[in-house]
Visitor: 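Quick one: the structure is below, and I'll ask about it shortly.
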Protein chains: 2
Amino acid sequence: MTTSTDSDHLLDLLKASGARITKPRRVIVRILAEKGDQHPDAMDIFRRAVKEDSRISLPTVYRTLKVLEEQGAIQRHAFSDGRSRYEPAAGEHHDHLIDMETGDVIEFHSEKIERLQEEIAAELGYDIVHHRLELYGRKRKKKQS
Amino acid sequence: MTTSTDSDHLLDLLKASGARITKPRRVIVRILAEKGDQHPDAMDIFRRAVKEDSRISLPTVYRTLKVLEEQGAIQRHAFSDGRSRYEPAAGEHHDHLIDMETGDVIEFHSEKIERLQEEIAAELGYDIVHHRLELYGRKRKKKQS
DNA sequence: TATGCAAATGCAAATTATTTGCAATAAGCA
DNA sequence: TGCTTATTGCAAATAATTTGCATTTGCATA
């Protein structure tokens, strides 16, 4: 069996939103929770889902992904290759934005940046172990409210 | 006339790549160089282009955008709303990738990351003055599939 | 400046990714 | 268990982008 913990968590989120836990959803959620291939697109998920239950349909995959995304259970990444890829909203990590005038430190996190960093490192032939990203800026004078 | 400088720069890049400077391309490039609405999508560009030359076609817009992107003259952003948005690529700067085993420092630059950082800062109400991005990693053991 | 040829264009039709209408099915509460 | 309604599967519809092909046009050369 696969780690059913993550899968269960996703199901909980679904349930909490008032959605019904159907067999297709169970399968899809299990696939999303799998540790294997990260960032599968809808078709990837569909293909794997069909193996577990041959009557699951692509539209159902899309619909389930949409519900999960609205619930914040998963994240949709829009790559430039045209299709969307999904991944369970995972653990934390944050970077810093330093206010140059007050010294305030604001924490933020961008999955997009994390991902880009990985892509860049990969292109250079590296795996990132950790990184540091610090933005230094000043509060924007509001031009429009 | 509008700022023809930026526009000319894009044309130069096109020319340098061995492409022909056609009337449609002149129009499209001019639109891209306009300071107005940032991040137009193909249809936005097409609509504006038609106003300047009614026989420009959508496919030509797409083809021109592709050429410009391959030339690094513009950047394509894949937003999650399904369509791609474009914008002229800007100035220089680089970040660092540190090899944790050898201490080697590799310089790299990603307009995408720069832009994302700005977006993030903007969302937090800041303008970036400068930043530091360091990736720490180890050379990828060439393995898996 | 005139000429030829490959590159670029416009049009229509093709692809690709994703969404929707609708009748049939199945959660999950009473 | 039965009922109500969310969810499903299928087929067809959209939306964004790309491609085939005949025609036009940039531009290097004569």
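Worth saying up front: this structure is predicted, and the values here are computed from it rather than measured. Scope of the values below: all heavy atoms of this structure, side chains included, with no hydrogens, waters or symmetry mates. Each chain gets a letter, A, B and so on, in the order the sequences are listed, and its residues count up from 1.
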Visitor: OP1, OP2 of dT17(D) versus side-chain N and O of Tyr62(B): anything below 4.0 Å?
Guide: yes
Visitor: Output the distance between atom CZ (Arg47(A)) and atom CG (Asp41(A)), rounded to the nearest 0.5 Å.
Guide: 6.5 Å
Visitor: Separation of Arg25(A) atom CZ from dG28(C) atom C1', in whole Å?
Guide: 13 Å
Visitor: Rounded to the nearest Å, what distance is computed from the CE atom of residue Met43(B) to the P atom of nucleotide dT18(D)?
Guide: 13 Å
Visitor: Atom CZ of Phe46(A) to atom P of dG9(D): distance rounded to whole Å?
Guide: 9 Å
Visitor: Would you mind reading off the distance between Lys66(B) atom NZ and dA8(C) atom P, rounded to a whole angstrom?
Guide: 13 Å
Visitor: Hey, which of these two, Ala42(B) or Lys15(B), hits DNA chain D nearer its 5' end, going by closest nucleotide?
Guide: Ala42(B)
Visitor: Closer than 4.0 Å, any side-chain N/O of Ser84(B) to the OP1 or OP2 of dT17(D)?
Guide: yes
Visitor: Could you pick out which residue, Lys23(A) or Leu58(B), lies toward the 5' side of DNA chain C when each is mapped onto its nearest nucleotide?
Guide: Leu58(B)
Visitor: If you take all heavy atoms of Tyr86(B) and Ala42(B), which pair is closest and at what distance?
Guide: CE1-N, 4.1 Å
Visitor: Could you state the CG-C1' distance from Asp41(B) to dT17(D), rounded to the nearest angstrom?
Guide: 12 Å
Visitor: Is the phosphate of dT7(D), meaning OP1 or OP2, less than 4.0 Å from a side-chain N or O of Thr22(A)?
Guide: no
Visitor: Taking the side chain of Arg55(A) as heavy atoms from C-beta outward, which of dA26(C), dT8(D), dT17(D) is closest to it?
Guide: dA26(C)
Visitor: Classify Pro24(A) by what it touches in the nucleic acid, base, sugar-phosphate, or nothing, heavy-atom distance under 4.0 Å.
Guide: sugar-phosphate
Visitor: Taking only Lys NZ, Arg NE, NH1 and NH2, and the carboxylate oxygens of Asp or Glu, determine whether Arg138(B) and Asp99(B) approach each other closer than 4.0 Å.
Guide: no
Visitor: As a test of reading the structure: which of dT9(C), dA17(C), dA16(D) is closest to the side chain of Thr60(B), going by heavy atoms?
Guide: dT9(C)
Visitor: Expressed in angstrom and rounded to an integer, what is the separation of Arg83(A) atom CZ from dT14(D) atom P?
Guide: 25 Å
Visitor: On a heavy-atom basis, which atom in Phe46(A) and which in Leu58(A) lie closest, and how many Å separate them?
Guide: CE1-N, 3.3 Å
Visitor: Give Arg63(B) one of three labels, base, sugar-phosphate or nothing, depending on what nucleic acid heavy atoms sit under 4.0 Å from its own.
Guide: base
Visitor: Can you check the Leu14(A) CG to dG28(C) P distance for me, whole Å?
Guide: 11 Å
Visitor: Is the phosphate of dA28(D) approached by Arg20(B) (side-chain N or O, under 4.0 Å from OP1 or OP2)?
Guide: no
Visitor: Taking atom C1' of dC10(D) as reference, at what distance in whole Å does atom CD1 of Ile56(A) sit?
Guide: 15 Å
Visitor: Would you indicate whether the side-chain heavy atoms of Pro59(B) and Arg63(B) approach each other to under 4.5 Å?
Guide: yes
Visitor: Pick the closest DNA chain D nucleotide for Pro59(B) and for Ile21(B) by heavy atoms, then say which residue is nearer the 5' end.
Guide: Pro59(B)
